[in-house]
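Let me begin by presenting the structure, written as structure tokens, before commenting on it.
As a basis for the values below, the full set of heavy atoms in this structure was taken, side chains included, without hydrogen atoms, waters or symmetry mates. For reference, positions follow the sequence shown, starting with 1.
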Amino acid sequence: DQWLEDRMYYRVGSDVRFAPVPLNAQPGEEVIDGAWIPMPDRFHELPGVEAATPVGDYGMRIRVPGQNDVNGRFLAIDRLTFPMASWYRRDLSEESLGALMNRLALVPDGILVPERVVAETPLQIGDKISLRVSVNSSISTSSSFTVAGTYKYFPTVYEEELVFVGSLGYLAILTGVPLPHDIWLRAAPGVDGKSVLDAIPQLGISVDPLRHDDAS
């Protein structure tokens, strides 16, 4: 039972995960920026919600000199609120989640990369790597990032994927706009995920019907 529960939490990342959309959004309409999304502390107003964190899940292309570009995902997080709202197990990485967040705090452009990347390539902690991050069809940015640390496993990340973890705030600075992002929520014990999702419109936003999940 514990194994199954951990698998569900690893897949979702928290008790509840959803993509916010404006209340009047049309089906399939692309949201350009995220200025309208409530700040994490606003979600505490919802019954049963104990913590919230923004998480951007964007396309990524790694530029390797002399080689073909490599595609992957860029998970953009807020290092201050992520540990409070996300699910994490101590054996997912050599260092604790708090230590990994501290590594991201050392340099604004810091990223966490899979252990296998450092083991199988010349890339080492402290090195720079050039990335192009595509938020949506209208927003993208190309910049160099600093390898600040490594992880073995990270919520929502599977072995067949190449995923780097970095700062949502730093990406917003690079692009010059507040970025659209998902919301991960931690609910109080015994609170049903559907009841949390049903309460989201109280904050003046809605839930993308195709992009929500909970670990219950």
Side-chain angles (χ1 to χ4, degrees), residues 4-59 73-89 97-98 101 104 133-139 154-157 163 165-173 175-216:
L4 179 59
E5 180 178 327
D6 286 354
R7 281 177 58 91
M8 293 296 295
Y9 271 103
Y10 190 87
R11 178 176 62 83
V12 177
S14 58
D15 288 324
V16 178
R17 179 186 68 193
F18 73 97
V21 293
L23 282 176
N24 58 351
Q26 299 300 313
E29 179 183 350
E30 183 177 65
V31 178
I32 301 302
D33 65 53
W36 52 274
I37 303 176
M39 297 297 289
D41 58 357
R42 287 289 313 283
F43 291 91
H44 296 177
E45 301 172 13
L46 301 178
V49 172
E50 295 187 336
T53 191
V55 179
D57 194 341
Y58 310 129
R73 291 167 57 205
F74 192 100
L75 274 183
I77 66 173
D78 172 44
R79 65 176 183 84
L80 296 178
T81 58
F82 187 82
M84 295 184 288
S86 65
W87 174 88
Y88 205 82
R89 208 172 67 184
L97 180 58
M101 297 300 99
L104 290 180
V133 180
S134 298
V135 175
N136 53 36
S137 62
S138 302
I139 303 175
F154 203 85
T156 76
V157 177
V163 181
V165 181
S167 168
L168 179 63
Y170 183 69
L171 275 187
I173 292 173
T175 60
V177 295
L179 300 178
H181 54 262
D182 293 347
I183 297 293
W184 292 14
L185 300 173
R186 189 185 75 207
V191 173
D192 178 63
K194 183 179 184 303
S195 68
V196 173
L197 291 171
D198 289 344
I200 296 297
Q202 295 179 26
L203 298 179
I205 60 174
S206 188
V207 175
D208 187 330
L210 300 179
R211 294 177 56 202
H212 66 82
D213 204 352
D214 69 81
S216 61

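- The closest donor-acceptor contact from the side chain of Asp33 to the backbone of Val177 lies at 3.5 Å or more, if one exists at all.
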Residues 43-51, side-chain donor-acceptor partners within the protein, below 3.5 Å, at least two apart:
unit_1 : atom_1 : unit_2 : atom_2 : d
Glu45  : OE2    : Arg42  : NE     : 2.8
Glu50  : OE1    : Arg186 : NE     : 3.2
Glu50  : OE1    : Arg186 : NH2    : 3.3

Begin with the C-alpha distance, continue with both residues' side-chain angles, and end with the deciding distance and a verdict on side chain to side chain contact (heavy atoms under 4.5 Å, CB included) for Tyr88 and Tyr9. CA-CA 8 Å; Tyr88 205 82; Tyr9 271 103; over 6 Å; no

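- Contact detail for Gly193 and Val16: the closest heavy-atom pair is CA-CG2, 3.9 Å.
- In plain terms, the two heavy atoms of Leu197 and His212 that are nearest each other are CD1-ND1, 3.6 Å.
- Met8 CE to Asp213 CG: the interatomic distance, rounded to the nearest 0.5 Å, is 6.5 Å.
- Leu179 contributes atom CG, which lies 12.0 Å from atom CD1 of Ile32 (distance to the nearest 0.5 angstrom).
- For Tyr10, the ring pair (Phe, Tyr, Trp, His ring centres under 6.0 Å) criterion is met by Tyr158, not counting sequence neighbours.
- Closest approach of Ser206 and Phe18 over heavy atoms only: O-CE1, 4.4 Å.
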Determine, stepwise, if the pair Ile183 / Ile37 fulfils side chain to side chain contact (heavy atoms under 4.5 Å, CB included). CA-CA 9 Å; Ile183 297 293; Ile37 303 176; 4.3 Å; yes

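- Ser134 places no side-chain N or O within donor-acceptor distance of the main-chain N or O of Asn136, the cut-off being under 3.5 Å.
- The minimum heavy-atom distance linking Pro180 with Tyr58 is given by the pair O-OH, 2.6 Å.
- At most 12 heavy atoms of other shown residues, nucleotides or ligands fall within 6.0 angstrom of atom CZ in Arg7.
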Less than 3.5 Å apart, which donor and acceptor atoms pair up between the side chains of residues 73-82 and the rest of the protein, not counting sequence neighbours?
unit_1 : atom_1 : unit_2 : atom_2 : d
Arg73  : NE     : Asp57  : OD1    : 3.1
Arg73  : NH1    : Thr156 : O      : 3.1
Arg73  : NH1    : Glu161 : OE1    : 3.0
Arg73  : NH1    : Glu161 : OE2    : 3.1
Arg73  : NH2    : Asp57  : OD2    : 2.9
Arg73  : NH2    : Thr156 : OG1    : 3.4
Asp78  : OD2    : Thr81  : N      : 3.2
Asp78  : OD2    : Thr81  : OG1    : 2.6
Thr81  : OG1    : Thr53  : OG1    : 2.7

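- Pro38 is listed as a side-chain neighbour of Ile205, based on a closest heavy-atom distance under 4.5 Å.
- Of all non-hydrogen atoms in Ala215 and Ser14, the two that sit nearest each other are CB-O, 3.7 Å.
- Looking at heavy atoms from C-beta onward, Trp87 lies in side-chain contact with Asp6 at the 4.5 angstrom threshold.
- For the pair Arg17 and Val12, the tightest heavy-atom approach, listed with the atom from each and the gap, is NH1-O, 3.2 Å.
- Looking at heavy atoms from C-beta onward, Pro20 lies out of side-chain contact with Ile200 at the 4.5 angstrom threshold.
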